[in-house]
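In what follows, a structure is listed as structure tokens, so that the remarks can point back to it.
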Amino acid sequence: IRVNSTGGLEIINSAYSAQIFSVSDGGIVNAGTQLNVGGKQAVNGPSFQAFLLQSQAFTTGSTANVIYQGALYDTHSCYNTSTGVFKPNVAGYYQFNWTAGANSYTSSTGIVLSSLRRNNTEYARGFRGVCNTNGVVTNGSAMCYLNGTTDYVHVSFLQGSGGTANLENDANALSNPGSYANYFSGSMIRGA
């Protein structure tokens with residue numbers, strides 16, 4: 001343990017070659033690669049946000065995965081843009097938000113809804129709406145535990161409108177991030 005030249009407190013390794021823990025003169029704590037509080041890892045886990053880069057069509061009566069092909073960010077490389085699956089490599093509790101909005105329906109009857117699926121089983125349903133030919137957006141939010149090894153989540157879309165639904169692409173999302181209508185995001189909010 002030593003006081004550094006700026007008045008901060010440091011704990012260094014036994015070889016005096018690496019700082020393990022420090023508190024600056026201003027009260028900023030740095031714990032190296034991982035900070036544990038009460039035996040649990042502090043939040044610095046996986047986080048991502050993806051958007052629909054290409055439109056996706058859903059036929060009558062179908063339920064399928066929404067594949068958000070564009071990633072605005074993916075801090076731990078846990079989101080797969082080819083499958084729409086988020087599989088974190090850190091165990092913990094995660095908050096998810098999503099939208100699935102169609103800009104057109106060939107029929108104005110029936111319902112649409114989106115769901116968060118955990119390990120391919122419906123975990124939480126989003127907004128259930130009656131579609132119209134001008135389109136409708138279904139969205140949702142849920143928190144769930146993922147074990148950091150085998151657990152995964154993705155969003156599914158149920159199309160029961162009696163016609164084809166075309167989820168709107170957000171090709172301009174990278175240049176205008178506030179413009180996307182279809183997105184899927186998640187972030188670890190606390191360790192396991």
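Fair warning: this is a prediction, and the values are worked out from it, not measured in the lab. The chain is numbered in sequence order, starting from 1.
Two residues are said to be in side-chain contact when any heavy atoms from C-beta on lie closer than 4.5 Å; T138 and R128 fail this criterion. For the pair F127/L113, no side-chain contact is recorded, criterion being any heavy-atom separation below 4.5 Å from C-beta on. Counting only heavy atoms from C-beta outward, the side chains of F86 and Y152 never approach each other to under 4.5 Å. Looking only at side-chain heavy atoms (C-beta outward), T63 and F157 stay at 4.5 Å or farther from each other. Residues Y94 and P88 form a side-chain contact, since some pair of their non-hydrogen atoms from C-beta on lies under 4.5 Å apart. F184 is listed as a side-chain neighbour of F48, based on a closest heavy-atom distance under 4.5 Å. For the pair L52/V66, a side-chain contact is recorded, criterion being any heavy-atom separation below 4.5 Å from C-beta on. Two residues are said to be in side-chain contact when any heavy atoms from C-beta on lie closer than 4.5 Å; S185 and F96 fail this criterion.
The heavy-atom pair separating M143 from Y123 by the smallest distance is O-OH, 3.0 Å. The minimum heavy-atom distance between S62 and T59, with the atom names listed, is OG-O, 2.6 Å. Summarising the geometry of L9 relative to I1, their closest heavy-atom pair is CD1-CG2, 3.4 Å, with the distance given to 0.1 Å. The two atoms that bring T81 and A71 nearest to each other are CG2-CB, 4.1 Å, heavy atoms only.
When only modelled atom types and interatomic distance are considered, W98 and S114 share a side-chain donor-acceptor pair under 3.5 Å. A side-chain N or O of T6 and one of N4 form a donor-acceptor pair less than 3.5 Å apart. Looking only at atom types and distance, the side chain of H76 has no donor-acceptor partner in the side chain of N89 under 3.5 Å away. Side-chain contact of H154 with N120: a donor-acceptor pair under 3.5 Å is present, judged by distance alone. Side-chain contact, S187 with Q95: no donor N or O sits under 3.5 Å from an acceptor N or O.
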Q: Walk me through it: do L158 and I111 pass the test side-chain contact (heavy atoms from CB on, under 4.5 Å)?
A: CA-CA 8 Å; L158 166 68; I111 58 112; 3.7 Å; yes
(Q) Does F58 form a side-chain contact (heavy atoms from CB on, under 4.5 Å) with Q56? I'd like the steps, not just the answer. (A) CA-CA 7 Å; F58 291 82; Q56 193 172 346; 3.5 Å; yes
Q: Go through the steps for V153 and C144 under the test side-chain contact (heavy atoms from CB on, under 4.5 Å), then give the verdict.
A: CA-CA 9 Å; V153 294; C144 71; 4.1 Å; yes
Q.
T149 vs N147, test: side chain to side chain donor-acceptor pair (under 3.5 Å). Steps then yes/no.
A. CA-CA 6 Å; T149 54; N147 65 16; 3.2 Å; yes
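The existence of a salt bridge linking R118 and D151 is confirmed by a sub-4.0 Å separation between a basic side-chain nitrogen and an acidic carboxylate oxygen. Between E122 and R117 no salt bridge is recorded (no basic side-chain N to carboxylate O distance below 4.0 Å).
The OG atom of S77 sits 14.5 Å away from atom NZ of K87, with the distance rounded to the nearest 0.5 Å. Between atom OH of residue Y93 and atom CE of residue M188 there is a gap of 11.0 Å, rounded to the nearest 0.5 Å.
In terms of modelled atom types and a separation under 3.5 Å, the side chain of T99 and the main chain of N139 share no donor-acceptor contact. The backbone N or O of Y68 lies less than 3.5 Å from a partner atom in the side chain of Y79, making a donor-acceptor pair. Using a distance-only test at 3.5 Å, with no hydrogens or angles considered, no donor-acceptor pair links the side chain of N97 to the main chain of S141. The backbone N or O of L53 lies less than 3.5 Å from a partner atom in the side chain of Q69, making a donor-acceptor pair. Side-chain atoms of N80 never come within 3.5 Å of backbone atoms of G84 as a donor-acceptor pair (strictly under, hydrogens ignored).
Taken together through direct or relayed side-chain contacts under 4.5 Å among Ile, Leu, Val, Met, Phe, Trp and Tyr, F51 and Y73 form part of one hydrophobic cluster. Residues V85 and L146 fall into different hydrophobic clusters, defined by Ile, Leu, Val, Met, Phe, Trp and Tyr side chains chained together at heavy-atom separations under 4.5 Å.
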